Structures are given as structure tokens and as C-alpha cells.
Amino acid sequence: YYQGKFFDYPLSLFNALSNLGILQSCSILLSYLKVKLKAKLIPSPQPDNFEDWAIDCFGERLYKTFFKTYTEKVWGIPCKKIQSDWAAQRIQGMSLKRAVLNALFGSQNAKSLIKEFDYPILGPGMMWERCQELVEEKGSPVFLNTSVVQIQREGTQIKSITVQQGNQRSTITAEHFISTMPVTTLVHRLDPSPPPEILESARKLKYRDFLIVALIVDRENLFPDNWIYIHSPEFKVGRIQNFKNWSPAMVPDASKTCLGMEYFC
């Protein structure tokens, strides 16, 4: 959703041309050709930030139309401060030429152009429930609602962890540990505590959160899409997910629709 209009994604050429209009479409094409011609005449170093990388792939006009506002909404920082290697991974194998070819002929094998997804009937949480089953089948317990309160180390080697479940504390020893907690939290759990410069570096790290507000609408059907990406900067919501369109089982009352209003904060 951009400038009051809905654009198909992956790109549908005629839908995009209709929404943008001839003048803006020509401007996007000329901007793209300008970048490609400049690259041939004056070779420059590989771009080191998202903005320069996206302009290099799509031209400045298309970047400002479709990439800048949404990316900055997601990450909360200017595109100039996002590294280009993140962009190359996230928008793997994409360019304006490839997007147009996909719109005309299909089958351009880029991650960003996938049209079909496998989706668990009751949502992605089913994957973690199955993961727990497999782990337990192998004889390993899974402790839920359990906090890691201390991580015992000798030098750079983790020896054990202290966990709390309700009012009970216990210690777990192992040869290997995998942590998925934020680094800012991890360093403050270490015993003995890391040097002051490590704690100071951890304090400088920032994390971006992802919130879904479930909105129940008293309508059987609202729109056919699974997701609507909200590129327009005047709205704080980043994406609207229609759970019923992923799987009807996600909304037990067939007369209603559940929307996931997704915010980045």
C-alpha cells in the first residue's frame, strides 16, 4: 500500500504501470538506466550501505518509491546506516530487470519473488511444538517457563547455568551451551562478570522489537491477500496480516476475520 494505492507483490507489470502512471514509470526506468550507464562509464567501489546498494540495483527513483520508507519503518534508522551485506542477503538476486522479467514471464528464481508458502494449519507455533516432541523423544527434557539467572564461566568457557522455575533454582552442567538471549542480557548474567569495556559495549547495542496487535473484525471476508505491506510513511503499522487467508483454522469463528497489525518499535 503506497500513496493510497495497492500494488501486487510479487510485481505485476500492468498493475504497477497503472498505479504509477506513464510519467512516473518512465522516470523510474530512466533513473535505472542512468545508474547502469554510470556504472559502465565510471566504475565505483561496491556500495557499503543499503541505500547505495538499492539505488545500484533499482535506480534512485524506485528506491525512494518502494524501499526507503518501509525499510526505515522496520529498522528505525536511516538506510544509509544499514550495511549493504544485509540488503544483498535479504533481497537476494533481485534487480529491476529481474522483477520486470518475472512480471512478464514468471519463474525468476529469487527469494523475494516467491508466490507460495507452506503454512502449518494452526500457525508457525506448531513447528516449535513438533521440535519439542522430537527433542523429548531423544530423551532430552524441555523446560518451559524457566529463566536463566546466572551463567558460570571459567575464562571463555561456560561450565554451567543456574535456572529458576517458579520458586525453585537449579544448576545445569553441560559440554555445550547455545544462547539465544539478547547479548545485552547475556553479558549481565555471566559470573564472574566480564571486564567493564565489554559491559559498556553491550550497553550500546540496540534491539528492534516486533509487535502484533490482533484485531478481530466482524466480517467474514475482508481482502484476499495474506499480507499487505504498508509503505506509506503516514501510517505507523508496517504490515497487516490476514490470518484466515493463511489457514481458516486460525480463526475459529468463520463469521469473523482476525488481522495481525504488525508494528516495529
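Count residues from 1 along the sequence. Quick caveat: nothing in here was measured; it's all calculated off a predicted structure.
Of all heavy-atom pairs spanning Gly59 and Ser31, the tightest one is C-OG, 3.6 Å. Of all the heavy atoms in Ile82 and Ile77, the pair that sits closest is CG1-CD1, 3.8 Å. Contact detail for Ile212 and Gly260: the closest heavy-atom pair is CG2-CA, 3.6 Å. Leu122 approaches Met250 most closely through the heavy-atom pair C-SD, 3.3 Å.
Between Trp227 and Trp246, the ring planes are perpendicular. Angles over 60° get that label, and only those under 30° would be called parallel.
For the atom pair Leu17 CG and Leu20 CG, the distance stands at 7.0 Å (nearest 0.5 Å). One distance of note links OG1 of Thr65 with CZ of Phe58; it measures 12.5 Å at 0.5 Å rounding.
Aromatic pair Trp86/Phe50: centroids less than 6.0 angstrom apart. Ring centroid separation for the pair Phe7 and Phe66 comes in under the 6.0 Å cut-off.
Cluster partners of Leu41 are Leu37, Ile42, counting Ile, Leu, Val, Met, Phe, Trp and Tyr whose side-chain heavy atoms approach within less than 4.5 Å, directly or via other members.
Residue pairs meeting the salt bridge (Lys or Arg N to Asp or Glu O under 4.0 Å) criterion with at least one member in residues 239-252, sequence neighbours excluded: Arg239-Glu262. Annotation: salt bridge (Lys or Arg N to Asp or Glu O under 4.0 Å) contacts involving residues 158-187, sequence neighbours excluded, are absent.
Salt bridge status for Lys36 with Asp56: absent, with no side-chain N to carboxylate O gap under 4.0 Å.
Two residues are said to be in side-chain contact when any heavy atoms from C-beta on lie closer than 4.5 Å; Phe243 and Gln241 meet this criterion.
Each of Thr162, Asp191, Thr171, Thr173 was scored for a side-chain hydrogen bond (donor to acceptor under 3.5 Å, both in side chains) with Gln152, with one residue passing: Thr162.
With no hydrogens or angles considered, a side-chain donor-acceptor pair links Ser27 and Arg61 at under 3.5 Å. In this model, no donor atom of one side chain and acceptor atom of the other lie less than 3.5 Å apart for Thr257 and Glu220.
Both Phe210 and Tyr70 belong to a single network of hydrophobic side chains, linked directly or stepwise wherever heavy atoms of I, L, V, M, F, W or Y lie under 4.5 Å apart.
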